[in-house]
Amino acid sequence: MSKKTVALAAGAVFAGALAVGGWVGYQQLEEPVSAGSVIRGYDARTAAGTAPHSEDVFTGRVEAFEERREIDAWTTDIYRVSVVDVLRGDVRGTVRVTWALDEDPVQRLQDGKTYVFATTAWPYGGTVKDGQSLMFHGGMKPMDETQLAAWRNAVALPLRLEH
């Protein structure tokens, strides 16, 4: 065999191994970790990355901070939020939104301000009565027209929910 043939064969074997390894790794991310939950990578810091994985996207006015507690090993703030406008989903009235804090210093939502919320209901009636788990972690800021336009575009993307 010539050196060229050996090099081409070795390259083909390496490329095949790389492709198979990537596929196996991707399958690991998709398999259930426990009943009712799936590890799924998504960009939680952008509207376009979060909206396809959120059951409900809505604007809501923060009525009050209710409490901080540990939920599934996460320090979580719970807010009472009045739904103002629904961009996707069927959430209505007043809901409780949980926000697992992963940044320091801790950012608090301001009472009386309106924000865009991308959420998923807590499964099975859940940990929080009338609770919605916040899916977006891109720095919550009071809503403005630019932000609202980005979310309106994002909710037009196809849903990618998996339960």
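FYI, side chains are in, hydrogens and waters are out, and symmetry mates aren't considered; it's all heavy atoms of this structure.
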Check your understanding: Does a side-chain N-to-carboxylate-O contact under 4.0 Å join Arg80 and Asp111?
Key -> no
Check your understanding: How far does CZ of Arg68 sit from CD1 of Ile78, to the nearest 0.5 angstrom?
Key -> 11.0 Å
Practice item. State, with a plain yes or no, whether a side-chain heavy atom of Leu148 is found less than 4.5 Å away from one of Thr59. Key: yes
Revision key, fill the gap. Distance col, row Gln110:CD vs Tyr79:OH, nearest 0.5 angstrom, shows 10.0 Å
Check your understanding: Is Leu109 close to Phe65 at the side-chain level, that is, under 4.5 Å between some pair of heavy atoms?
Key -> no
Check your understanding: Does the distance from a Lys or Arg side-chain N to an Asp or Glu carboxylate O, for Glu67 and Arg96, drop under 4.0 Å?
Key -> yes
Practice item. Looking only at non-hydrogen atoms, find the nearest pair between Ser54 and Ala118 and report the distance. Key: OG-CB, 3.5 Å
Check your understanding: Got a second to check how far Arg69's CZ is from Thr98's OG1, nearest 0.5 Å?
Key -> 9.0 Å
Review point. Would you say Thr46's side chain and Gly49's backbone share a donor-acceptor pair under 3.5 angstrom?
Key: yes
Check your understanding: Do Asp77 and Arg108 sit within salt-bridge range, that is, some charged N less than 4.0 Å from a carboxylate O?
Key -> yes
Review point. With hydrophobic residues grouped by side-chain heavy-atom distances under 4.5 Å, do Val116 and Val84 end up in a single group?
Key: no
Review point. Hey, what's the ring geometry for Phe117 with Phe58, parallel, tilted or perpendicular (30° and 60° as the breaks)?
Key: parallel
Check your understanding: Nearest 0.5 Å, what's the OH-CE distance between Tyr115 and Met140?
Key -> 7.0 Å
Practice item. Step by step, work out the side chain to side chain donor-acceptor pair (under 3.5 Å) result for Thr75 and Glu70. Key: CA-CA 5 Å; Thr75 301; Glu70 293 289 318; 2.8 Å; yes
